[in-house]
Amino acid sequence: HVQLVESGGGSVQAGGSLRLSCTASGLAYFSHCMSWFRQVPGQSREGVAAIDSHGGTAYADSATGRFTISQDNAKNSLYLQMNSLKPEDTAMYYCAANPFWTYGAICSYTRPGDFGYWGQGTQVTVS
């Protein structure tokens with residue numbers, strides 16, 4: 001059973017930085033695709049970035065140049081370093097896992113249906 005727990009959210013001023021963490025349990029890191037999504041109440045969930053177990057990454061335009069997704073397989077952890085934060089980055093951030101990803105398949109933040117496991121979210125507020 002896969003469980004994901006996010007942490008690291010908070011309130012920051014515009015231009016500041018936050019590092020989100022997602023600790024996974026029950027996930028076999030041999031092959032996986034993981035992603036960060038965010039959602040504002042009343043709006044649809046938006047993909048932010050994705051990373052596969054081979055280190056391949058992909059970013060939404062809104063995240064490119066400001067956010068960095070990374071992972072530490074030894075610690076079963078996923079991270080999202082967010083710099084130059086803007087008020088429009090305010091949202092609940094979720095990590096998601098697709099433990100059935102195989103090398104060569106698409107690992108993308110644009111395909112939320114591929115991710116069967118989700119965390120409870122961590123709130124990021126930028127003022």
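For the single chain, residues carry numbers from 1 onward in sequence order. Please read all numbers here as calculations on a predicted model, not as lab measurements.
A salt bridge (Lys or Arg N to Asp or Glu O under 4.0 Å) check over residues 9-22, counting only residues at least two apart or in different chains, returns nothing.
Scored by the side chain to side chain donor-acceptor pair (under 3.5 Å) test, Thr68 finds no partners at all (sequence neighbours excluded). The side chain to side chain donor-acceptor pair (under 3.5 Å) check on Ser17 picks up Asn83, with sequence neighbours excluded. Contacts of Thr90 classified as side chain to side chain donor-acceptor pair (under 3.5 Å), with partners at least two apart in sequence or in another chain: none. Every residue two or more places apart in sequence or in another chain that forms a side chain to side chain donor-acceptor pair (under 3.5 Å) with Tyr93 is listed here: Arg38. In terms of the salt bridge (Lys or Arg N to Asp or Glu O under 4.0 Å) criterion, residue partners of Arg111 (sequence neighbours excluded) are, by chain and number, Asp114.
Distance check, rounded to the nearest 0.5 Å: OG of Ser11 to CG of Leu85 gives 11.0 Å. To the nearest 0.5 angstrom, Ser53 atom OG is 7.0 Å from Gln71 atom CD. Rounding to the nearest 0.5 Å gives a distance of 12.0 Å between CG of Asp52 and CD1 of Ile106.
Side-chain rings of Tyr109 and Tyr59 stay apart, their centers remaining 6.0 Å or farther from each other.
Trp36 is listed as a side-chain neighbour of Leu20, based on a closest heavy-atom distance under 4.5 Å. In this structure, Ile69 and Tyr79 have side chains that are not in contact, with every pair of non-hydrogen atoms separated by 4.5 Å or more. Within the 4.5 Å cutoff, no side-chain heavy atoms of Cys95 are placed close to those of Trp118. When side chains are defined from C-beta on, Lys86 does not count as touching Ser62, because their heavy atoms never get closer than 4.5 Å. Side-chain contact check for Tyr103 versus His54: some heavy-atom pair is nearer than 4.5 Å. Residues His32 and Ile51 form no side-chain contact, since every pair of their non-hydrogen atoms from C-beta on lies 4.5 Å or further apart. Looking at Ser21 and Ser77, their side chains never come closer than 4.5 Å, going by heavy atoms from C-beta outward. Within the 4.5 Å cutoff, side-chain heavy atoms of Gln39 are placed close to those of Tyr94.
Under a hydrophobic clustering in which Ile, Leu, Val, Met, Phe, Trp and Tyr are joined whenever their side-chain heavy atoms come within less than 4.5 Å, directly or via other members, Tyr117 and Met92 fall into different clusters.
Of the residues listed (Asp89, Val124, Leu80), the one engaging Leu18 in a side-chain contact (heavy atoms from CB on, under 4.5 Å) is Val124, and it is the only one.
For the pair Met34 and Cys107, the tightest heavy-atom approach, listed with the atom from each and the gap, is N-SG, 4.2 Å. Closest heavy-atom contact between Val40 and Ala91: CG2-CB, 3.9 Å. A pairwise comparison of heavy atoms in Ser108 and Cys33 identifies N-SG, 4.2 Å as the closest pair. Considering every non-hydrogen atom in both Leu4 and Val2, the closest pair reads CD2-CG1, 4.1 Å.
In this structure, Ser35 contributes its side chain and Ala49 its backbone to a donor-acceptor pair below 3.5 Å.
Around atom CD of Gln13, no more than 12 heavy atoms belonging to other residues, nucleotides or ligands sit under 6.0 Å away.
Classification of the Phe37-Phe115 ring pair by plane angle, with boundaries at 30° and 60°, yields perpendicular.
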